[in-house]
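Data first, discussion second: the structure below is written as structure tokens.
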Amino acid sequence: MRAIVTTANGDVSVMKVETRPDPVPTPGHVLVRVKAAGLNFADILARQGLYPDGPPKPCVMGYEVAGVIEKVGEGVDQDLIGKAVIAMTRFNGQAELVAVSAKQVFEKPDNLSFEEAAAIPVNYLTAWALIVTMGGLKSDEAILIHNAGGGVGLAALDIARHIGAKTFGTASASKHEFLKQRGLDYAIDYRNQDWLPVLMDLTGGRGVELVIDPLGGDSWKKSFRALRSTGRMGVFGMSVASASGIKGKLRALKAIALMPRYNPLGLMNRNKGVFGLNLGHMWGEGEKVAGWTAEIVKGVADGWVRPHVDRAFPFDQIADAHNQLEGRKNTGKVVLIP
Ligand SMILES: NC(=O)c1ccc[n+]([C@@H]2O[C@H](COP(=O)([O-])OP(=O)(O)OC[C@H]3O[C@@H](n4cnc5c(N)ncnc54)[C@H](OP(=O)(O)O)[C@@H]3O)[C@@H](O)[C@H]2O)c1
């Protein structure tokens, strides 16, 4: 099979499409013929050598695919062969074939293309955990979604709108029109102005009850200041570090030095909460994740989960696909086609 191999830490030139032995499904596993694989910001950080959870290189990245079950291992229902599915993969998804536990596979909704289906797992599960499970957003509350035009950002917008909360989002200005069409109440250009006074102005000086912040570093300080009493901040990324080579390492160190440190007494007296989410550390909590997945799949059927594919790149254009995310050009999800 062909697979996208990240051969070393570095810029986009370190990725090659190589031939690898076909995986064999072990007991309890299925073999999926990949039709579309999701690209995530974690893949960019892993290539840059800034992602501690990434596998040792050379490696095949990829947390999620949509495809068709081609073979099943011992103990798995033979009737699954030929079924169109979505699968969560712990790496190795950016390949023509991937073997994955049957527990990490769920049926692809008929009304989604393979490309749209591959845009679901990481983005929507992350947004669900942040907003519903940990953030507890209510219909009479307001949320600030950073990078609202990105993969997780658009998923978060769908979920916040479904709850009925008021939505604020930061994004590059070129994405604002699209975000408004998708139902975002207020889009804020955070790259050409200080977003905090703008948000405070829009909220009558009160702030919002939930902020989800994947930027890291001193952005977390500022997002915390945007919280109204009883507000919660969910931290889930370190995008500010993104860069190849020594520049990335220096940015990561700077982000760590600038990030806030919270005192429980300070949180108590301010009536504010801070929590963190790493979906990649939820593999041992299959039942919880399955529950979230069921809600999201229901949302597809009900029409409020609307995965948006920015662009689909063939495997041999993997460098362009990474540049699309790294260069902030994407609105929604970038997917890879074998
Ligand atoms: N903890 C978890 O479980 C988890 C799971 C999924 C994703 N994440 C994190 O969530 C964030 C979003 O992930 P995603 O996969 O959905 O990607 P994405 O948001 O589609 O990523 C690209 C977008 O991020 C924004 N951005 C902000 N700072 C950037 C920078 N320094 N370089 C490039 N782009 C930057 C840009 O949009 P604008 O310029 O329009 O803002 C860009 O278009 C990432 O930080 C990722 O690591 C965490």
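Just so you know, ligand 1 is whichever comes first in the structure, and atom 1 is the first atom listed for that ligand. When a residue number appears, it is its place in the shown sequence, counting from 1.
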Looking only at distances, please establish whether an N/O atom of ligand 1 is found under 3.5 Å from an N/O atom of [X].
X	result
Leu215	no
Gly151	yes
Phe236	yes
Ala42	no

Among all protein heavy atoms, pick the one closest to [atom] and tell me residue, atom and distance.
atom	result
atom 17 (O) of ligand 1	Phe41 CB, 3.7 Å
atom 41 (O) of ligand 1	Tyr190 OH, 2.4 Å
atom 33 (C) of ligand 1	Glu326 O, 3.4 Å
atom 39 (O) of ligand 1	Ser172 OG, 2.6 Å
atom 3 (O) of ligand 1	Leu279 N, 2.6 Å
atom 45 (O) of ligand 1	Ser239 OG, 2.6 Å

Practice prompt. Spell out, as yes or no, whether a donor-acceptor pair under 3.5 Å connects the side chain of Ser239 to the backbone of Pro214.
Written response: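 Yes; judged by distance alone, with no hydrogens or angles, the pair exists.
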
Discussion item. Under a 4.0 angstrom heavy-atom cut-off, which atoms of ligand 1 come close to Asn40?
Written reply: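 Every atom of ligand 1 under 4.0 Å from some heavy atom of Asn40: 15 (O).
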
Worksheet item: Counting from 1, what ligand 1 atoms have a heavy atom of Ala171 closer than 4.0 Å?
Response: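 Result: 40 (O), 41 (O).
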
Would [X] and [Y] pass as an ion pair if we require N to O under 4.0 Å?
X	Y	result
Lys298	Asp302	yes
Asp310	Lys329	no
Asp185	Arg161	no

Discussion item. Using the rule that Ile, Leu, Val, Met, Phe, Trp and Tyr join whenever any side-chain heavy atoms are under 4.5 Å apart, tell me whether Val34 and Ile4 fall into a single cluster.
Written reply: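 Different clusters.
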
Worksheet item: Out of curiosity, does Phe106 fall in the hydrophobic cluster containing Trp292 (side-chain heavy atoms, cut-off under 4.5 Å, transitive links)?
Response: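 The answer is yes; both residues are in one hydrophobic cluster.
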
Worksheet item: Can you name the closest pair of heavy atoms from Ala36 and Ala118 and give their distance?
Response: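 Residues Ala36 and Ala118, closest heavy atoms: O-CB, 3.6 Å.
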
Worksheet item: Any idea which heavy atoms bring Gly273 and Leu227 closest together, and the distance?
Response: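 Shortest heavy-atom separation between Gly273 and Leu227 comes out as O-CD1, 4.1 Å.
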
How does [X] reach ligand 1, by side chain, by backbone, by both or by neither, if only non-hydrogen atoms under 4.0 Å count?
X	result
Val122	side chain
His146	neither
Thr126	side chain

Table please: side-chain donor-acceptor pairs of residues 51-65 below 3.5 Å, with sequence neighbours left out.
unit_1 : atom_1 : unit_2 : atom_2 : d
Tyr51  : OH     : Tyr63  : OH     : 2.7
Asp53  : OD1    : His281 : NE2    : 3.3
Asp53  : OD2    : Asn278 : ND2    : 3.2
Asp53  : OD2    : His281 : NE2    : 2.8
Lys57  : NZ     : Asn9   : OD1    : 2.7
Lys57  : NZ     : Ala46  : O      : 2.7
Glu64  : OE1    : Val122 : N      : 2.8
Glu64  : OE2    : Asn40  : ND2    : 3.0
Glu64  : OE2    : Lys333 : NZ     : 2.6

Worksheet item: Evaluating non-hydrogen atoms only, which member of Arg328, Met282, Lys329 is closest to atom 34 (N) of ligand 1?
Response: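 It is Arg328 whose heavy atom sits nearest to atom 34 (N) of ligand 1.
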
Worksheet item: Nearest to atom 16 (O) of ligand 1 by heavy atom, Asn330, Val152, Leu277: which?
Response: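 That would be Val152.
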
Fill in: Aromatic plane relationship, Phe178 with His308 - under 30° parallel, 30 to 60° tilted, over 60° perpendicular
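Answer is tilted, since the angle falls between 30° and 60°.
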
Item to complete: Fit a plane to each ring of His146 and Trp195, take the angle between them on a 0 to 90° scale, and name the class: parallel (under 30°), tilted (30 to 60°) or perpendicular (over 60°).
Response: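 His146 vs Trp195 ring planes: perpendicular.
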
